[in-house]
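Right, one structure below, let's go through it.
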2 protein chains.
Amino acid sequence: MTASRIDGKAAGVAVRERVAKGVRAFEQRAGRPPGLATVLVGEDPASAVYVRSKNRATAEAGMASFAHNLPDTTSESELLQLVADLNADKRVDGILVQLPLPSHIDEKKVIATIEPSKDVDGFHAMNAGRLATGLDALVPCTPLGCLYLLKAELGDLSGLDAVVIGRSNIVGKPMAQLLLGENATVTIAHSRTRNLEEVVSRADIVVAAVGRPEMVRGHWIKPGATVIDVGINRLPTDDGKGRLVGDVAFDEAVEFARAITPVPGGVGPMTIAMLMRNTLVAAHRRAGLADPENL
Amino acid sequence: MTASRIDGKAAGVAVRERVAKGVRAFEQRAGRPPGLATVLVGEDPASAVYVRSKNRATAEAGMASFAHNLPDTTSESELLQLVADLNADKRVDGILVQLPLPSHIDEKKVIATIEPSKDVDGFHAMNAGRLATGLDALVPCTPLGCLYLLKAELGDLSGLDAVVIGRSNIVGKPMAQLLLGENATVTIAHSRTRNLEEVVSRADIVVAAVGRPEMVRGHWIKPGATVIDVGINRLPTDDGKGRLVGDVAFDEAVEFARAITPVPGGVGPMTIAMLMRNTLVAAHRRAGLADPENL
């Protein structure tokens, strides 16, 4: 058996096209485009790349993009003031503060200051709680993208055995909530799990989000399972460029899985597409409109 | 093997004695006792019994008890106004609105109106999210009581395989979060789970919270597992009085488990003890004091 590759790039493009359509419809009704504000503090090169690509995607979708790039000498109170200003700015539907922040700034305090209805990253406790209790929430982009790929591949997830490896607030825990919402039987495994191979071997759905290169071995995968690999790890190579690998040993896993996301080109492109989706959804809810359909 | 009975009644009494001590210490520091307000709408006899026993426990712990018993003709807006008044009342540290509410009142709206720092039931989305993201939260009383019993029985839960049957916002989902916080490997099973017997048979810890009498059979239990039975179901008897049973077939399960909670006398008494605990904790946090120790 050789697994099919789940093409996150194509899926992401499709979502972003639907979002762009939704943006035009929103603008006609609301008289303004949805707006996403990004906040970058400091000069971390990877963060700068991420933020630029988010700004570009925002503009491509026809949304207003407000980029705030601050020096790493920015104080916590200055940053909190900027967030408060963006909370009050009616043109801004989504606020994304790029993490990590410099160590002199308390990330938890910054996240807690973002108005939950504009928290398009879905990191605010209010959104985590709304997701956990089955209310309308803004859901973290990466697990939302994973769910989108799973439903596109499998359709109804009801009754399937799902294992989420990793329990971060950003991926693992909201992923478990989403799978539970789809009526899967969900197991959350992590670094303290004793028999990870056995746990994985029972699952129809495996979502790996641990950040350890190729930790999940191919023969662990139940034949016919669907594998979503959230990990992006850079391994050293002779030419110094490095090689990106996921948390799953891809070349082994393709022999067992029914379908699997490659790294890169799997989950990654979905994350930014879901950020666009969340911004469009936030704009609708803030304008008192029903959520856009077919996203 | 015959399981030991986990004595929730004795454990509950011990917690309430420690709470009473903490109440006296709080009163000395804060100049007032912690206060719990209960709100009962309508005449449901079971609800009335629950609320009275909560009022009694509050008084026994030395806390101020504010009982609001309203007719079932109370409008939603009247109830929301009462909650707003209690939010503003400095003597009140905890607000408990007894559920279910009459059908003309939107429970979600009422829960969302309770100030999260006074939400001693832990039902507000903000508390669910704080629990989910690892922040200080007020945690629903029943799963908190279950965790207390498990830790008293097993000590460190790290790496144990735990199965939670049921995914309600009140028990199942917060229970899973608590077990995850203790580093257990957690599976959430529910009505759509395909192979419940197999899922249960793998678990070192079984928490049953489905509300179906004796659904979990004894031979499903892994020998040596610890079983927490949250269910309270009344079976008809010839004398018309009925008989209380849990979600686990107790007489069978004692042959397999290491320890098991009886019904009644297991989880039930812990719930009210944890309500007292939550009220004392809320009082400390609202007064800017560190959480009381040894609760």
Side-chain angles (χ1 to χ4, degrees), chain A residues 107-109 111-112 116 119 122-140 156-170 172-174 176-177 179-196 198-200 202-204, chain B residues 107-109 111-112 116 119 122-140 156-170 172-174 176-177 179-196 198-200 202-204:
Chain A
E107 286 185 0
K108 286 181 185 171
K109 204 183 275 184
I111 290 171
D119 169 41
F123 294 167
H124 193 289
M126 192 67 188
N127 279 311
R130 293 183 67 86
L131 173 62
T133 56
L135 301 169
D136 277 343
L138 290 167
V139 179
D156 184 10
L157 310 185
S158 180
L160 295 181
D161 288 310
V163 168
V164 178
I165 316 172
R167 51 174 164 170
S168 72
N169 291 337
I170 295 175
K173 286 196 226 167
Q177 298 283 3
L179 289 165
L180 198 58
E182 298 294 328
N183 300 316
T185 301
V186 181
T187 299
I188 309 166
H190 45 79
S191 56
R192 309 292 279 277
T193 294
R194 284 186 183 155
N195 43 359
L196 186 59
E198 193 186 316
V199 171
V200 169
R202 301 191 290 244
D204 305 303
Chain B
E107 286 185 358
K108 286 181 186 171
K109 205 183 275 184
I111 291 171
D119 168 40
F123 294 167
H124 193 289
M126 192 67 188
N127 278 313
R130 292 182 68 87
L131 174 62
T133 56
L135 300 170
D136 277 343
L138 290 168
V139 179
D156 184 11
L157 310 185
S158 180
L160 296 180
D161 288 311
V163 169
V164 178
I165 315 172
R167 51 175 164 169
S168 71
N169 291 336
I170 294 175
K173 287 197 226 168
Q177 298 282 2
L179 289 165
L180 197 58
E182 298 294 327
N183 300 314
T185 301
V186 181
T187 298
I188 309 166
H190 44 79
S191 57
R192 309 293 280 275
T193 293
R194 284 185 184 156
N195 43 358
L196 186 60
E198 194 187 317
V199 171
V200 168
R202 301 192 289 245
D204 305 304

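Letters A, B, ... mirror the listed sequences (proteins, then strands); counts begin at 1. Worth knowing before you read on, the calculation uses all heavy atoms, side chains too, and leaves out hydrogens, waters and symmetry mates. A quick note: this is a predicted structure, and the numbers were derived from the prediction, not measured.
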Which one, [options], leads in non-hydrogen pairs under 4.5 Å with chain A?
options	value
B:His124, B:Lys173, B:Gln177	B:Lys173
B:Asn183, B:Leu196, B:Thr193	B:Asn183
B:Ala184, B:Ala125, B:Ala128	B:Ala125

Rounded to the nearest 0.5 Å, how far apart are [atom1] of [X] and [atom2] of [Y]?
X	Y	atom1	atom2	value
B:Thr185	A:His190	OG1	NE2	4.5 Å
B:Arg202	A:Arg202	CZ	CZ	3.5 Å
A:Met126	B:Thr133	CE	OG1	12.5 Å
B:Glu182	A:Arg192	CD	CZ	10.5 Å

Side chain, backbone, both or neither: which part of [X] has a heavy atom under 4.5 Å from chain A?
X	value
B:Asn195	side chain
B:Ala137	neither
B:Leu180	both

Can you say whether [X] sits under 4.5 Å from chain B via the side chain, the backbone, both, or neither, judging by heavy atoms?
X	answer
A:Asp161	side chain
A:Ala112	neither
A:Arg130	both

Next on the checklist: Donor-acceptor pair, distance only, cut-off 3.5 Å: does the side chain of B:Arg194 make one with the backbone of A:Ser158?
Outcome noted: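 Looks like yes, one N/O pair under 3.5 Å.
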
Checklist entry - So, for B:Ala132 and A:Asn169, which heavy atoms are closest and what is the spacing to 0.1 Å? => result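 Taking every non-hydrogen atom into account, O-OD1, 3.4 Å.
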
